[in-house]
Amino acid sequence: MEKKPFSMQVDMEDFIPEEKAYMVNMRPASTFFKDGIRRLKKNKVAVVSFFIIVVITLAAIFIPMFWPYSYDQMLGMVPGQPVDNSFLNLAPFEYGKSEIARMEAGETIVPHIFGTDNQGRDYFIRVIYGTRISLAVGFFASIIVLIIGLTVGSVSGYVGGKVDLVIMRIVDMIYSLPDMLMVILLASVLKQVLETSLEGTALEKIGSNIISLFIVFGVLYWVSMARLIRGQILSLKQQEYVLAAKAAGAKGGRIILKHLIPNCFSVIIISTALQIPSAIFTESYLSFLGLGVNAPMPSLGSLASEALNGVTSYPYRLIIPAIVISLIVLSLNLFGDGLRDAFDPKLNV
Amino acid sequence: MSEHTEDLVEIRHLKQYFPVSMGFFKTKPLKAVDDVSFNIRRGETLGLVGESGCGKTTVGRTILNLYKPTSGDIIYDGKPIKSKNDIREFRKKATMVFQDPYSSLNPRMTVSDIIGEPLDIHKLYGNAQERRERILELMGYVGLNSEHASRYAHEFSGGQRQRIGIARSLAVNPEFIVCDEPVSALDVSIQAQVINMFDELQEKLGLTYLFIAHDLLVVRHISDRIAVMYLGKMVELADAKEIYDHPQHPYSISLLSAVPVPDPKEARANKRIVLSGDIPSPLNAPSGCPFRTRCPHAQKQCAETMPELKEISPGHFAACHIL
Ligand SMILES: Nc1ncnc2c1ncn2[C@@H]1O[C@H](COP(=O)(O)OP(=O)(O)OP(=O)(O)O)[C@@H](O)[C@H]1O
Ligand code: SF4
Ligand SMILES: [Mg+2]
């Protein structure tokens, strides 16, 4: 029957039962994921944290691209001219002598929002750049932890028996080491070893300290991830679908990759999200102790450390990076908690 | 198709003991299956019944080498299955349908990936198109719609899930399927449908089944012969009709008396035998006959020696001293 626009005529189609009634009973696809996202959206703290993380990350990525100053540019030093000391230690929104002259000539000059440091470098861009470094370190360190923890944990959990026993005792040993002490020891030893061997290679620019930082993470911090994954795998491998895969002739690698890991995905995502702030924190205190990134490159920790020298005259130089670290770590932690609440099925029975 | 043996599967003195830890460093064997021998003829359905925990699942899984047998031989098509290579080949001929349609399907895989997994493992297709066609053919066998292929298992009802599991077990084009209580998790209204489907598939594809169930009603129509297990041991084995009409072992008699009878007159005449006591734990099975703690006819001899499975009439085996 043709339906006329705007007519109130009853549409008979509405009364014909759905052809495939059982399709109606089906739950819509990927409810698990959608439910999780819905729960996450309801959690205001997590949403705000997520927003903060996104803003900070975008700022750290994009601002250095168009900002007129760079992190290692000493503004008072122009080639072929005497050093202009008026650029050192500028307070926020102050300008150097040459800049004031240019402004009087009608040019617009981008202000030094946080002033400059004792070498005449724009402090705002250094903080932004430091955030970039800290975030990158946190992200990559977590990836390293994830890869090692996932591999060791899943093999140990799946193979079981003696292999599991040996691996877990090693994990226990690493776990019981005082980690601050180990981090400092390893970082300072690696620093010396790496510095000589890196000379002239592409990795030199990244700096021996960052590389040793990654090694430290790779060696020490995978253990809790490995434990977590192993626990998951141990319970998942009792599931009948694993036996079904074996009955079909699947080997261990296939079972781990296709059946076990996809089923602990939410745990993996959540714990990686929580790993990032802890990595950023570790990077910060290592940098603070002088074991972090190499000299002109800033990280939030090294900025705070440098600011200690003039803390009485310029307290904001310590406070600003400290606030940024706290913001990042706090919002990542809160967001990670939100993820866990939303996606870990064990908590919302 | 040359010189086929009559028996497709032959089980000889199969034992499956699970070590159970009893405190530090001490383990005790749990005799889930204890010296069981039987054969499955080509093209038949052998029903395997027994109470929960008597070792039916373990028998099925051990036959398929999903558990390594503690001892005993599994002879398939005249050849013992021993080496890794044997097992690999064996996996293309013998498959399994699982008891629980919920946990036996991976929730993170689509229906077509679940059904296609055996094809992927044994590389049974030339290209993606062939794989797809084969999967759709299998889904057709079990009455699933082709538009279900890209959905996830959790979107289906129990009966549909079991159909997915059956399609997966058919993927490699097997000769022999162990069906482990494939309908006990399903609604009664769907049970008959699924059992009929097993029957039709057997006819169409020439399959041989080991069909496990915990009550005799389910296996009654589909089975050619029925084996009864109690506490890891086989107590009776005979043609389906023979076991229904003339059960011999006291345990089978009590099992049968529990089966509801459609005719009320007959039902009144048949007194239901209620067994006293619980099934003993397989961890400390009674000496002699495993059934003696609950057997109404138990004698002194029953506690002393284990009765052997013996042929009491042609094709009818039972393990009891008084027979
Ligand atoms: N992997 C295992 N490890 C230890 N004990 C096991 C294992 N699998 C089964 N058992 C034990 O073996 C015995 C037989 O178990 P099985 O699952 O074969 O029984 P079933 O007859 O299939 O019972 P149901 O009807 O409940 O499925 C039980 O006592 C069980 O606890
Ligand atoms: S052997 Fe004895 S105890 Fe066992 S079933 Fe026969 S009569 Fe009963
Ligand atoms: Mg079972």
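Quantities reported herein were computed from a predicted structural model and do not represent experimental measurements. Chain naming here is simple, since letters A, B, ... match the order of the sequence lines and numbering starts at 1 in each.
- For OH of Tyr141(B), the number of neighbouring non-hydrogen atoms (other residues, nucleotides, ligands) closer than 6.0 Å is greater than 12.
- Your options are Arg91(B), Gln99(B), Lys92(B), Arg168(B), and the one with the most heavy-atom pairs under 4.5 Å with chain A is Arg91(B).
- Summarising the geometry of Ala248(A) relative to His122(B), their closest heavy-atom pair is O-NE2, 2.9 Å, with the distance given to 0.1 Å.
- Of the possible donor and acceptor atoms, one in the side chain of Arg108(B) sits under 3.5 Å from a partner among the backbone N and O of Pro262(A).
- Crowding of Phe50(A) atom CZ: a count of heavy atoms from other residues, nucleotides or ligands under 6.0 Å not exceeding 12.
- Nearest heavy-atom pair, Gly249(A) versus Ile121(B), reported as atom, atom and distance to 0.1 Å: O-CG2, 3.5 Å.
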Pair Glu117(B), His259(A) - check side-chain contact (heavy atoms from CB on, under 4.5 Å), show working.
CA-CA 11 Å; Glu117(B) 180 163 44; His259(A) 294 274; 2.7 Å; yes
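- Contact detail for Phe98(B) and Ala247(A): the closest heavy-atom pair is CZ-CB, 4.4 Å.
- Salt bridge absent: Arg161(B) and Glu240(A) never bring a charged side-chain N and a carboxylate O closer than 4.0 Å.
- Other residues, nucleotides and ligands contribute only 12 or fewer heavy atoms inside 6.0 Å of the CZ atom of Arg88(B).
- Rounding to the nearest 0.5 angstrom, the gap separating the CG atom in Leu243(A) from the CG atom in Asp100(B) is 12.0 Å.
- At a threshold of 4.0 Å, the pair Asp120(B)-Arg254(A) counts as salt-bridged, since one of the basic side-chain nitrogens sits closer than that to a carboxylate oxygen.
- If you take NZ on Lys258(A) and CG on Asp113(B), they are separated by 6.5 Å, rounding to the nearest 0.5 Å.
- Within 6.0 Å of the CZ atom in Arg131(B), the count of heavy atoms belonging to other residues, nucleotides or ligands exceeds 12.
- Between Tyr67(B) atom OH and Lys246(A) atom NZ the span is 8.5 Å, to the nearest 0.5 Å.
- For Leu64(B), no part lies under 4.5 angstrom from a heavy atom of chain A.
- The environment of Lys41(A) atom NZ is sparse: at most 12 non-hydrogen atoms of other residues, nucleotides or ligands sit within 6.0 angstrom.
- No other option in Pro107(B), Ser169(B), Pro118(B) has as many heavy-atom pairs under 4.5 Å with chain A as Pro107(B).
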